[in-house]
Every structure is written in structure tokens, then in C-alpha cells.
Amino acid sequence: MAALLGRSCRKLGFLSSGHGARRSVSTETGKSLNLYSAINQALHIALDSDPRSYVFGEDVGFGGVFRCTTGLAERFGKNRVFNTPLCEQGIVGFGIGLAAMGNRAIVEIQFADYIYPAFDQIVNEAAKFRYRSGNQFNCGGLTIRAPYGAVGHGGHYHSQSPEAFFCHVPGIKVVIPRSPREAKGLLLSCIRDPNPVVFFEPKWLYRQAVEEVPEHDYMIPLSEAEVIREGNDITLVGWGAQLTIMEQACLEAEKEGISCELIDLKTLLPWDKETVEASVKKTGRLLISHEAPITGGFGAEISATILERCFLKLEAPVTRVCGLDTPFPLVFEPFYMPTKNKILDAIKTTVNY
Amino acid sequence: MAVWFARSRNLVSSLRHNLCLSTILVKGDYSHHRPIVSTCQLSPTVFLSPYVSSLRHESTAVEKQPDLVQHSDEEDVLQELDFPGGNVGCTSEMKFIPESSSRRIPCYRVLDEDGRIIPNSDYFPVSEKLAVRMYEQMATLQVMDHFFYEAQRQGRISFYITSLGEEAINIASAAALSPEDIVLPQYREPGVLLWRGFTPEEFANQCFGNKADTGKGRQMPVHYGSNRHNYLTISSPIATQLPQAAGVGYSLKMEKKNACAVTFIGDGGTSEGDFHAGLNFAAVMEAPVVFLCRNNGWAISTHTSEQFRSDGIVVKGQAYGIRSIRVDGNDALAVYSAVRSAREMAVTEQRPVLIEAMTYRVGHHSTSDDSAKYRAADEIQHWKTSRNPVNRFKKWVDDNGWWSEEDESELRSNTRKQLLQAIQAAEKCDKQPLKELFNDVYDVKPKNLEEQELGLKELVERQPQDYPPGFHV
């Protein structure tokens, strides 16, 4: 697969802000790892800690097109870590069958752009498996991992952010990590959560993001958002790679005297409304940013909910800085993306409303 | 495989003319030494013309000529080529594999239409005890179907699907399995659950969605499921269970269980992508799965002639590297033997097996269907009477002296009574409590559902007239 060239070759030091509500794990030291190595570590730990767990998907045997599955087949054997035929509906369907028998099926979809053939299995089968059976059966051991998001040159079919489709499906969980340390802990939680989970990995960060990641087995809770930067004038909510961009905007806004509070949602379904609500009640302003197209994006759900809960506390309309309503373009990517300056503009407009 | 080109001069000249293939090389015509070139555009009218379809029939006819059927491998195989995927012989004779065999894959049967064992049949002998049980269950399934169908017609349940005409597939397949085999049904296989011990009361409870329904009233009638009976809960989407069965089978293999996955599908369902996914995965993963296709001729109103152009389903097995058999689905002994063998192969050889059971859907697709609108009444009648699998098996059981008319009337009247009581009890039974609307979406109720439950409770208490009665908060 193409090397991650792109906007900047500088490795991004990771969102290491020292404020606010934090898990104790983020103060621990560890090895300096990039995102795919952190995910790889999580998978090693998952397979090691549960002999009834499996990792499979296209090309995972040799390590995967993004190297997330390196070393797994050699260590755990080809019965537990294996390539599948090129068929997403088969991959997820097979995974549901394994999970229904009490195994942990950690399934890889090579790019989130190709998840759609599996949409029927995810929505009609996995999400409803427990409910429709009266809890006689479940496929909670299913975790679907997929690289998502812009990569600089991915175009229509290597850049998509399809999270909104899945956030509309009761019965599954949707989780998106922002960094290597977060990814390892969140992925282990997803794998061990007794519900089917879709885990989108920001492919832009696979090599670009480097962070200290504790080497031991740890889990970061699902459905708990994190305030990664405290502030008083405006709340920003995002997930995944977009948080890096948003943090840059927050730093620049601070130079102009605007104090920004930045929240990593982490779990989009079910999402932590309480943390966002408490923040907006404090700041009175909300900005949501995601790469996915603005119309029908998950930002709309957050906006509607916060409006219902915080209307009288709002000083300005909720604003969304998102991708344009177009298929993800190739040469026009820099124009399509919700950039730092677009966010900064929106921060200023909201604060000056 | 041989590339086939018509020897008929007429055909070749018409091809040359109509398809612009002016330089067709005819076998034996080596003096020309011209390569085959199809540089000219094929005119769309040629493709759509009826002439093309007659060409197709002609090529099949040509194939029947004996001197064209076999060719000596030694003559044609000039050398072996190694490509990824293994060595393959090559041949300079250009032959296309015909789109169909001259002969359809024959159907395995043991009992003739009069219920007599065909001489020299291969089959697993069935004891009196087993045979009587099989017959009783086939008859019970028939009675049960009639009762629940009527209950829907009377407005007592909202929906029902019968398995009329497919009793042999339902019961004989179940009888051939072990209770540890995991069943992933489509929706016309309640007989498998019946065989395993699901009671008339349990069937009725699910159809009424009452408090006793282990499915907790969440799905339409006939969407049974029972973990006690290793029968996964039915879902309406077609064929989704097939790749899941591959995963289930793989799990059984890894756990070294003496069991396999058994999954059912109709003729229509084999057109779904999940059929391809399921068979391919099961083959590649070497999973112990028995795929049982009930080819009953109809997918709602769509006849098999509108479903595929292959010789049914059985020929698709080999395309996936899967051993397959076509069986007379209305012959209980044949179905029993085929499923038993398939199961044994699946478990001992750790491989998938495909069975195509030929049958006929005597009833409507469901209570929402009126098949008289698209099928001839005499066709239905023919299969209901002279080709009836229950009667056919009954004759065999009768002839062995294992069943009498007294047994028959006693069984039918007891079953009717039992079903009547089951339906009446299920109808009177309490409804599910309202909390079951919100449970089991996840293992633990998330905050948004806790809030919605509180909100709904308050609403129902405030405006009970807006809601159906009997659902206790």
C-alpha cells in the first residue's frame, strides 16, 4: 500500500495536554509507538489472554496492508490468525458465527470504504442478534476493525469516514481512538466488550502519530468522553485524527485570547452526553468537527442533543466544521477537509456571535 | 477443461456471418493457420436476436454427438504449466465447457412413489422405532401447520409460514443429525425444532409473542430460536445464516467437537451474495458445515426458471470445491441417508457438503401470499396428493406393519387437541412486560435507553388509551 506521504513528514507529538479529567494510564510511561504498533500490541495481548480469540480478514496473515497484524500468525498459528477470501459480507458473517459460539472474532475490513457489503450482516444480524433471540444468543465477541479517514491522497475509496451510518444502529457500538495510547486501551475494551463493536482506526495516524504506550494490558472505558484540554469560552467536540487539527486551532485561538475546551468523544455509540453537556453548560458554545460530509454526519446528532439539553445556556448557535457534501475528492482534498483555519474561523465567529 | 467449438459447418458459418468472426479456426482446418481475431464490434442486434439463443441450443445438441464427447488426454495435453494455484495441463484444442451438461444431475431416491424401496438402493436402514417417530413428527408438523395457518386467518396471530410439502426434508434431516449439531435455519424448517423437542406450547408462545415466549415477543411469528435445542434464532433476511454457519462450523472444528453446523436455504436464497460467501468460506476454511438447499420450485412468486440458469443448485457445489448431492426431498429415507452421510463426511473429514433436496412448496409462501395468483391449481393439487411426502413415507411404514389406521386417527386427534389447547393457552397468556422493549439491545442497558424507558413509562401512565393494554410497566 502507498506510503503515507502527505501533508507533513514531521511526526506528530501526541495530544499530551496535562489538564483535565484523565485516565491514570496516560501518565504512565511506556515505549514510543506509532498507531499501528499500538494496535498490534493490543491484538497480541488479546490473543494471548483469550485462547478462543481469532484475528482474520484480507491479508492479515503476513501482517496486513497497514502492518497492524504483524507477528500474530507466527505467534498464535494460522488456525487463529488467517487470511480470508476477498468478501466482506463473508468476513463479517463468518465472524458472527464464531462469536455466536462464544469466541472473540476480531475481524479486519481492509478499508472502511469497503465495509458496505457487510452492512447487512452488521445491521440486520450482528446488531440484532441478542435482542431478536430474547438473549438466548449473542455475538458480543465480534469486533470489526477498519482503517478510516483522509490520508492525503486516498480519493473516493481510501478516505471515507462512514461512522454516521453505524451510529444509527441500535445494538452495536462505534469507537474511534485519537492516538496510539488511546487505541490500545480502547481496542482491548472493544474486544472484551460483550457487544459487537465497530472500531475505526484513523489511517492517517498509523505512522504519523507516535506516543508513549504502556506495555502492559490496560483498557480504556467505552462510552466515556474525555476533556483533553480545559477551557472556558467554547467547547469543541471531535474524534480520531481530527482532534489533532482541532488542537492546533485551539492553540492559535488561545493566542487571540479565546480559551477552548476540547473533548475527545472516543465512543460515538452509545455516546457520553453528560460530559459534553457539562462542558457546554460551562462555556455556552459548541463546535463539532468531523471529516465526514456535514449533512447527516454524526455532528448533527450531537448538535440536536446539546440544543435540547443546553438551549438556555447557549450564547451562540452550535456550529459544525466538517467535510463538504461531496464524494471524497482527490486533487481537491485540501479544499474538502475541515482544516485548522476553517475551525479557527468558526471558533471566532461563534465567540463573537 | 476442454474448450469447445462447434464442428457443425452450419453453426460455424452462421457464427462467422453473424458474429463477424470471419477468421474462426476450425479444428482440422489447419491449412488456414489464421489466429482467431474478434476485432469487429458485435452488433447489439445480433446479441438480442432470437438467432443467438437458437445457436445456444444448437451447440448443446452438437455436444450429444458421441465422437465429440471424449477426447484423449494424452493427445491434447502438450505439457503441464505451472501457474499460481498449481499445475494445469494445456491443450491446443480450443474447447469451451458447455453451459450445461447434456444430462441433469440425477436425483438420489430410495422409495418409489408407492412407498416401496427401490431394489439395490443405497440407504441407511431405519428401525421401526425411528421410522414411527419420523412419521409421527411429519404428521404432527402437518397438523401444526394447518392449525397455525387457520389461527392467522382468524386474526389470532399476525402471520404464519407453513412447511407443507416439505415435511420429509424437515423431519428426516433432523432425524439424521445429532443434538449437538448446530442448526442455522432459514424459516421453513420448524420440523427440525419439533424433532429436537420444542413443544406445541413453545411454538404457540412465539407466534403469540406472549410472556412465555423465550424470544420475548420481539419478532414476527415463526421466527423461532432455542439455545437449548441448538437452533439459532431465525431472521427474515435471506441467506445471512450461510456465512455464519461457516463460522459456527469452524468453531466446532477448533473445539474438536463431534458436531457440525447445518444450515438451510431455499432455491431463491442461493441467488444471494451470502450463498457465495458462505460456501466459499466454508470450503476455504475447511469447516464442517452441511448446506441443505430446499429447492421447492418457488421463491414467493418467482419460479426457479427465473432464479438461475444452472442445473439447479447441486452443480454449484463443485464451483466452490464442495462435495454435493441432489436428493429427492420428498423421500424421507433418501433425505435421512443423504443427511446422515453428509454429516459424517463433514465431521470426520472437516469439510463442507452441499445437499440439494428437490421438493415442492405446497402452501403459499406465507399468510401474506396467495399463490393461486401465479400457480396453476392442478399443479398444487398434484404435489399435495400424489407426490405428498407424508403419505409416501406412511405407505412404507404401513407396509412394514409398523402403523395402523387406529394409530393414525389417534395421532391426528391427539395432536389436534394438543395444538388447540396450546393455542388457547398462548392466547390467554399475559403479555411481555414493557421493560423487555428496552432489554437486550446491549448486554447492559445504556443511558439513552434508561432515559427513553423512563420517558415511555411516564407517557403510558399518563395516556394509557394511546397504547394496547396488558403490557405491565
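Note that these values count all heavy atoms, side chains included, but never hydrogens, waters or copies made by symmetry. Each chain gets a letter, A, B and so on, in the order its sequence line appears, and its residues count up from 1.
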For the candidates [options], which exhibits the highest count of non-hydrogen atom pairs separated by less than 4.5 Å from chain B?
options                                   : answer
Arg52(A), Arg132(A), Lys173(A), Arg80(A)  : Arg132(A)
Arg130(A), Lys273(A), Lys128(A)           : Arg130(A)
Gly97(A), Pro170(A), Cys139(A)            : Gly97(A)
Ser223(A), Ala100(A), Gly90(A), Pro117(A) : Gly90(A)
Val92(A), Asp120(A), Ile172(A), Thr84(A)  : Ile172(A)
Ile96(A), Asn124(A), Asn79(A), Asp272(A)  : Asn79(A)

Which of His223(B), Arg228(B), Gln241(B), Met285(B) touches chain A most, by non-hydrogen pairs under 4.5 Å: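 Of the options given, most contacts go to Met285(B).
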
Shortest non-hydrogen separation from Asp443(B) to Pro194(A) and the atoms involved: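 Minimum heavy-atom contact is OD2-CG, 3.2 Å.
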
Least distance between heavy atoms, Met101(A) atom then Ser251(B) atom: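 Shortest heavy-atom contact: CB-OG, 3.3 Å.
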
Could you look at [X] and say if it's the side chain, the backbone, both or neither that has a heavy atom under 4.5 Å from chain A?
X         : answer
Leu437(B) : both
Val284(B) : side chain
Glu436(B) : backbone
Asp213(B) : neither
Ala245(B) : neither
Phe275(B) : neither
Ser236(B) : neither

Which bit of [X] is near chain B, if near means a heavy-atom gap under 4.5 Å: side chain, backbone, both or neither?
X         : value
Asn195(A) : side chain
Glu88(A)  : neither
Phe82(A)  : side chain
Gln121(A) : side chain
Val169(A) : backbone

Ile91(A) vs Phe281(B), side-chain contact (heavy atoms from CB on, under 4.5 Å): CA-CA, chis, key distance, verdict: CA-CA 8 Å; Ile91(A) 292 169; Phe281(B) 269 70; 3.8 Å; yes

Glu451(B) with Arg309(A): basic N within carboxylate O range, under 4.0 Å: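 Salt bridge: yes.
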
Heavy-atom side-chain contact between Leu232(B) and Gln136(A) under 4.5 Å: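 They are not in side-chain contact.
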
Phe129(A) side chain near Gln244(B) side chain, heavy-atom distance below 4.5 Å: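 Yes - at least one pair of side-chain heavy atoms lies under 4.5 Å apart.
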
Donor-acceptor side-chain pairing of Glu125(A) and Ser235(B) below 3.5 angstrom: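 Judged by distance alone, the side chains do pair up.
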
Aromatic ring pairing Tyr250(B)/Tyr54(A), orientation class (parallel under 30°, perpendicular over 60°, tilted between):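 Geometry flag for Tyr54(A) against Tyr250(B): perpendicular rings.
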
Phe165(A) atom CZ, neighbour heavy-atom count above 12 within 6.0 Å: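 No, the 6.0 Å shell around CZ holds no more than 12 heavy atoms from other groups.
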
Lys211(B) atom NZ, neighbour heavy-atom count above 12 within 6.0 Å: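 No, NZ of Lys211(B) has 12 or fewer neighbouring heavy atoms, counting only those of other groups under 6.0 Å.
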
Tyr442(B) side-chain N/O to Gly171(A) backbone N/O, donor-acceptor pair under 3.5 Å: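 Yes, because the side chain of Tyr442(B) sits within donor-acceptor range (under 3.5 Å) of the backbone of Gly171(A).
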
